[in-house]
There are 2 protein chains.
Amino acid sequence: MAVVANLDPKRSNAGSDALEALIALVADDLNAVNEQILSRMHSSVELIPQLGGYIVAGGGKRLRPVLTLAAAQLCGYQGTRQTALAACVEFLHTATLLHDDVVDESDLRRGQASANAVFGNKASVLVGDFLFARAFQIMVEDGSLDVLRILCTASAVIAEGEVLQLTTTNDTDTTEEAYLEVIKAKTAELFAAACELGGIVADRPAVEQAALRSYGMNLGIAFQLVDDVLDYSAVQARLGKTIGDDFREGKINLPVVLAFRRGDEEERQFWRRTMEDLDQRDGDLEHAIALMTRHNALHDSVERARHYGAVARDALEMFPNSRIKHALLDVIDFVVSRDF
Amino acid sequence: MAVVANLDPKRSNAGSDALEALIALVADDLNAVNEQILSRMHSSVELIPQLGGYIVAGGGKRLRPVLTLAAAQLCGYQGTRQTALAACVEFLHTATLLHDDVVDESDLRRGQASANAVFGNKASVLVGDFLFARAFQIMVEDGSLDVLRILCTASAVIAEGEVLQLTTTNDTDTTEEAYLEVIKAKTAELFAAACELGGIVADRPAVEQAALRSYGMNLGIAFQLVDDVLDYSAVQARLGKTIGDDFREGKINLPVVLAFRRGDEEERQFWRRTMEDLDQRDGDLEHAIALMTRHNALHDSVERARHYGAVARDALEMFPNSRIKHALLDVIDFVVSRDF
């Protein structure tokens, strides 16, 4: 069967529309966030706004800050604190990307040359540090210890997740549990924090803050699961996207975990050679995808993502119906079904 | 004349005794700090305490946290908040070292193999990030927005200083002012913050907090000036220490700035070849030291350090006489005269 059954263009377009709809609902706030991002990246050291601007302006969908804005709106918040905090969330994300690109020695990010390829590893590490610190300065100006606690904890957890990922890389013994622990920490924790902040600024009851956190956490897990599937996606390849980055680095993501477990000894030898020894040859990536397809590893990874998407959906149940609630629900489909 | 006139062993031993005397006065608190450093570095991801422990336990004199403890004692503070905050200061310093070692590709730190040489660049960047985040978590537990503001600002300024240093590296046009801006940001800012925290926890008047900050800032500038001189020190070489690290990397420190400015065109060609083009040959380091000696560049750099030491001394004038005050004054001599 086609591994891309869950990822066909029509569904994904619907998903992408869902994200556009969510963004439209927070458009004014998002403009304010973008202004804050530019103004707070200012430094007399020119390389900082230069490099920071390169990666922040480079774009992405601003999914994480959009979640903060949407969560605040879902909570009926009428103030303006959410925009600075959404900018913090994006700064923390950007800092992580900068450090991630350095450590992964990756050459490409969002189809552009990565910041470290253009500016060098040194600058990427140090500008990442600056963005971390600047994010915390913005939080201190906001003045809420709850906000600081949430984002400090998230930052520590993210770093732990990245270190944990290091220790699972090239290790085909990695379990599904260990993989989940990594993606919860390195990706889902910031989604969770981004959403929780909306409930914090709106001063909603703890149960609602926890629900927002749960929505973000489960959405984030689904997001990373699908992201890891896309790196082996035939649709992506047909769209001209680079695939196989994780494979070349020996990152043990769920599709590999499942294919390895379900494979015979000869297949496991293949995985050990390519992922542990990084002894890779022409045709290995295609063979890896064929093995994943044979064992439904990509399909089942997306099924796991659907499970977390369903949990995210239920987490929002307690909030009254509204356009923003429906947009947040629809974005789950975007995350699970995207193939761009 | 001997470039090391200010750095002879006898004076330095006196200085080192001064540091020991200061440490003795805060010994109980420092034990508590060391316990906090170990316990707060805990993570279920084993590589984190492993690598963090390697560099934190690796030692150094804990000069920065000692300054926090001493400043609190100078202010007559009777509580216990200073130990956790001193641990934060050491975490921030350690995180900076980890990132600095990565970006400098240096192989040695305090005579041991640097953490990145042992654990790899990836782990050093990510464990550094973890220590940053953990430091902020500890501050949030302390609960003072003033503390958070001071250390967030310090972190942003340090990162800016490190980036600025990148842009001056290999640039023989670097001015003394630009060099000073770099060392104020990358080194002295944390000394200033470490001292200021003592006044914050003791809730002393703003003028005393500012005086402590000034003491730390000027002590930190003197410290870095001398540190940069030591990298060209014949005494260091005779003691078997590695010298010339900055030279090999093309870092434009004050001795280079002065020797370049004071040199003739042939000498400037030498500096451009070695520091800008990094085209270095056998005997170049020795020639660099000879040129610095000819132009009194090392001696005058230490004289500049003495100037900042004198400002630091006057900053403490407003505090009543006490053993801790005298120890803080004596430590200025240690910083200016050390040659270890």
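In the text below, chain A, chain B and the rest are named by the order of the sequence lines, each starting its count at 1. In what follows, every heavy atom counts, from backbone to side chain, and hydrogens, waters and symmetry copies are set aside.
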Which of A/Val163, A/Leu164, A/Leu131 touches chain B most, by non-hydrogen pairs under 4.5 Å: A/Val163

Let me see the working for A/Phe91 and A/Phe132 under ring-ring contact (aromatic ring centres under 6.0 Å, His included), right down to the final yes or no. CA-CA 7 Å; A/Phe91 274 13; A/Phe132 266 128; over 10 Å; no

Between A/Glu189 and A/Arg213, is the closest basic N to carboxylate O distance under 4.0 Å? yes

Answer yes or no: is there an ion pair linking B/Glu141 with B/Arg40, defined by an N-O contact shorter than 4.0 Å? yes

Checked A/Ala159, A/Ala185, A/Ala135 vs chain B; the most non-hydrogen pairs under 4.5 Å come from A/Ala159

Ring-plane angle category for B/Phe223 and B/Phe191, please: parallel below 30°, perpendicular beyond 60°, tilted otherwise. tilted

Between chain A and each of B/Ala95, B/Ser44, B/Ala156, count heavy-atom pairs under 4.5 Å; write down the option with the most. B/Ala156

Checking B/Thr167 against chain A: side chain, backbone, both or neither under 4.5 Å from a heavy atom? side chain

Show your working on side chain to side chain donor-acceptor pair (under 3.5 Å) between A/Tyr77 and A/Asp203 and close with a plain yes or no. CA-CA 8 Å; A/Tyr77 177 61; A/Asp203 202 19; over 6 Å; no

What option among A/Glu181, A/Arg134, A/Gln137 has the most heavy-atom pairs under 4.5 Å with chain B? A/Gln137

When only pairs under 4.5 Å are counted, which of A/Ser43, A/Gly128, A/Cys152 shares the most heavy-atom pairs with chain B? A/Cys152

